[in-house]
Amino acid sequence: MLSPDTLDTGRALHIAGRWQAGRAGRFDVVDPATTEVLATVASGSTDDATAAVDAASAASASWAATPPRQRSDVLRRTYELMHRDHEALTRLITAENGKSLADARAEVTYAAEFFRWFAEEAVRAEGRYSTAPAGGARTLVTYRPVGVAALVTPWNFPAAMATRKIGPALAAGCAVVLKPAAETPLTALAITRLLAEAGVPDGVVNLVPTDDAAAVVGTWLADSRVRKLSFTGSTRVGRLLLHQAADRVVNTSMELGGNAPFVVTADADLDAAVEAAMVAKFRGGGQACVSANRFHVHADVAEEFTARLGKEVEALRVGPADDPGNQIGPLISAQAVADITALVDDAVARGARVAARSEVPDGPGFFLAPTVLTDVPADARVVREEIFGPVAPVVTWREEDELLRAVNDTEMGLAAYVFAGELQRAVDLAEHIDAGMVGINRGVVSDPSAPFGGTKQSGLGREGSHEGLHEFTETQYLSLAW
C-alpha cells in the first residue's frame, strides 16, 4: 500500500535504478489540511543532480534503440499499475496536496491516461519521403529522441504533471531526470516506483526531490548532456529558466501562468454556465493554471448568473479530504492564503462587493472560503493577476468590442471559456480570444489527446496529443542522390 509511511522517504532519490539518500539533508512535507509534518524527505544536491544526468546519459542510447512496441508496453503496464493503486495514489495526493478526494481521484484517472495515450503514440513512428522539386534528389524526414530531458513539475497536480511529461519523453525514446515540487514529492516517488515495477530500465527515469530547486535545475541546464527542459510553473520562474536555457540553446517547453476569462453572453444557457463555472473555477480549490480567473458576464444576465453562482458557492463544503463529503480542501500554504486574501481586500477597497461566501472549518489548516465578488472594477488586482484560489470575480459587459478588449488585456494566454446560446457566435468569440485553449459551452479543456499549452507569456510548446510527442524529438532529414 502506497502511503507516506510505506514510502522510504529517507531514500527518496532514484538514480540509475537505486533508491538512495540525498546529499543535501532532508526537508519536511506538510499536510496543508492540518499544518503537521507529513513526511521528511531526502533532498538532492547539485552532486546528486549531476549523478542523475550521468545515469540518464548512460541509459539514453539503449532506450532510444529499444523498439517502439517495447517502450509502448512499459507505458501501458504503468497505466495499469496506476489503476491497480488508484485509491492509494488518491490518498497520497490528498495527504500532501490537500485537494478533495473527488478531485484527487479524478487526477489519478487523468494522470494514468497520459501513459495509455503515449503508449499508443509510441508505436506511431512517422516520417516523410518526397521528391525534391528541382529533381535529382529524394528527401527522407525522420524524428529522433532529443536526448536527456529535464522535467520540472508543480505541486498543484503532483501526478498528472509528472505523467504528462514522462509519458511522451519515454515514448519518444528519451531518458529523463525529474524534479518534483518540494511541497508534493511523495506522489512522484510513488509513480517512479510504479514505472520501475512496469519494467523501465535502470537510468531511464531518475528522480531528484529537493528543497533547492534553483541549484538542481541550474545544474541540469548547465550540463551539456541535457538537451531538453520541460517546465510547468509560474511565468516568473519560467522567464528565469528561459534565460538560463538560452546560454546553451536548450530545447524548452514551458507551461506557465494563466488568467483565464470565462465569458457569458446574454443568450447563454445559465444553468449550464453555472454548472461549468463551478468546475472551471473551484476544481482543486481554484489552484490550476486553467482555472477560470475572471467572469465576464453580459449585463443583462449578470445579476441572475451571480445569484445562481453564489448559491452554489455558499453550499460548498470546505474541509480536510478525510471527510469524503468535503468538496474543497485547503490551499497549499499559509502564504497562498495571505496572497489571495490580499487580492480580495484590494478588490473590496476599490468598490467590489462580496456577493457570496462559503464557510470554512475552525482549527488548523490553510483554508480559504470560496468567494464570489461582484461590482469588480477593471483595475482590481483580482482581475489583472492570476488568483490561484477559490475566488470568482464577476465583471459585466455590453458591447462585444469592449468585451474582447478586456478579455485580451493580459500578458497571459493559456485558457479561456465561452458560453453562448448560438454556437456560431461562441466559436467566433473564441477565435478572437488570445488563448491556446478555449472551452466552448464546457468548463474543462484538459485532455491527453489534445494539445495543451498557451500563447503570449503563458508558455511555449504543447503537451499531450501528437504534438506532445514531438516536443521530445528532433527533426532530421536526409537528402538522397537520385
Side-chain angles (χ1 to χ4, degrees), residues 29-33 35 90 92-108 110-111 152-162 164 180-188 231-238 255-260 262 277-295 313 316-321 326-344 358 360 365-372 381-382 385-393 412 414-415 417 443-446 452 454 458-459:
V29 177
V30 173
D31 180 345
T35 72
T90 294
L92 201 57
I93 291 170
T94 62
E96 63 177 351
N97 172 278
K99 64 178 62 177
S100 70
L101 284 170
D103 284 341
R105 287 192 180 102
E107 181 183 347
V108 175
Y110 175 55
V152 183
T153 58
W155 51 260
N156 59 336
F157 285 86
M161 297 303 95
R164 194 162 76 183
E183 294 87 348
T184 57
L186 304 180
T187 305
F231 170 78
T232 298
S234 71
T235 296
R236 180 186 64 82
V237 175
E255 196 265 282
L256 307 177
N259 187 349
F262 190 108
M278 294 301 294
V279 176
K281 173 74 257 185
F282 297 104
R283 180 184 59 154
Q287 299 177 112
C289 53
V290 294
S291 291
N293 205 74
R294 51 207 161 100
F295 291 80
V313 167
L316 287 172
R317 284 188 53 180
V318 181
N326 288 332
Q327 299 159 287
I328 302 288
L331 299 186
I332 194 63
S333 66
Q335 187 61 53
V337 174
D339 290 346
I340 296 170
T341 299
L343 292 179
V344 174
S358 64
V360 296
F366 306 130
F367 294 99
L368 181 76
T371 301
V372 177
R381 289 178 56 207
V382 77
E385 301 176 19
E386 185 174 26
I387 301 170
F388 232 67
V391 176
M412 304 303 178
L414 186 60
Y417 304 88
V444 176
V445 294
S446 302
F452 188 104
S458 285

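Computed from a predicted structure; not experimentally measured. Reckoned from all heavy atoms, side chains included, excluding hydrogens, waters and symmetry mates.
Using modelled atom types, one side-chain atom of Lys281 and one backbone atom of Ala292 make a donor-acceptor pair closer than 3.5 Å. One N or O on the side chain of Arg294 and one on the backbone of Asn259 form a donor-acceptor pair closer than 3.5 Å. At least one donor-acceptor pair closer than 3.5 Å links the side chain of Asn293 to the backbone N or O of Ile387. Side-chain atoms of Thr235 come within 3.5 Å of backbone atoms of Gly257 as a donor-acceptor pair (strictly under, hydrogens ignored).
Smallest separation of non-hydrogen atoms from Val360 and Leu368: CG1-C, 3.7 Å. Between Ala95 and Pro32, the closest heavy-atom pair is O-CD, 3.7 Å. Here the shortest heavy-atom pairing between Pro330 and Phe367 reads N-CE2, 3.5 Å. Of all non-hydrogen atoms in Pro185 and Ala182, the two that sit nearest each other are CD-O, 3.4 Å. For the residue pair Val290 and Ser446, the shortest heavy atom distance occurs at CG2-OG, 4.3 Å. In plain terms, the two heavy atoms of Phe388 and Cys289 that are nearest each other are CE1-N, 3.7 Å.
With values rounded to the nearest 0.5 angstrom, Asn156 atom CG is found 12.0 Å from Leu331 atom CG. Rounding to the nearest 0.5 angstrom, the gap separating the OG1 atom in Thr94 from the CD atom in Glu107 is 10.5 Å. To the nearest 0.5 Å, atoms CD (Glu386) and OG (Ser234) are separated by 9.0 Å. If you take CG on Asn326 and CG on Asp103, they are separated by 11.5 Å, rounding to the nearest 0.5 Å. Between Ile93 atom CD1 and Thr187 atom OG1 the span is 5.0 Å, to the nearest 0.5 Å. Note that CH2 of Trp155 and CD of Glu96 are 12.0 Å apart. Values are rounded to the nearest 0.5 Å.
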Q) Is there a side chain to side chain contact (heavy atoms under 4.5 Å, CB included) between Phe452 and Arg164 once you walk through the steps? A) CA-CA 10 Å; Phe452 188 104; Arg164 194 162 76 183; 3.5 Å; yes
Q. Do Asn97 and Phe157 pass the side chain to side chain contact (heavy atoms under 4.5 Å, CB included) test, and can you show the C-alpha distance, the side-chain angles, and the key distance before you say yes or no?
A. CA-CA 8 Å; Asn97 172 278; Phe157 285 86; over 6 Å; no
Q: Quick one: do Glu183 and Ser333 satisfy side chain to side chain contact (heavy atoms under 4.5 Å, CB included)? Show the steps, please.
A: CA-CA 9 Å; Glu183 294 87 348; Ser333 66; over 6 Å; no
Q: Report the C-alpha separation of Val391 and Val382 in whole Å, then their side-chain angles, then the decisive distance to 0.1 Å, and conclude whether the side chain to side chain contact (heavy atoms under 4.5 Å, CB included) test is met.
A: CA-CA 9 Å; Val391 176; Val382 77; 4.3 Å; yes
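In this structure, Phe231 and Leu256 have side chains that are in contact, with non-hydrogen atoms separated by less than 4.5 Å.
Between Phe262 and Phe295, the ring-plane angle classifies as tilted under the 30° and 60° cut-offs.
When each of Ser358, Ser100, Pro390, Ser291 is paired with Phe282, the side chain to side chain contact (heavy atoms under 4.5 Å, CB included) condition holds for Pro390 and for no other.
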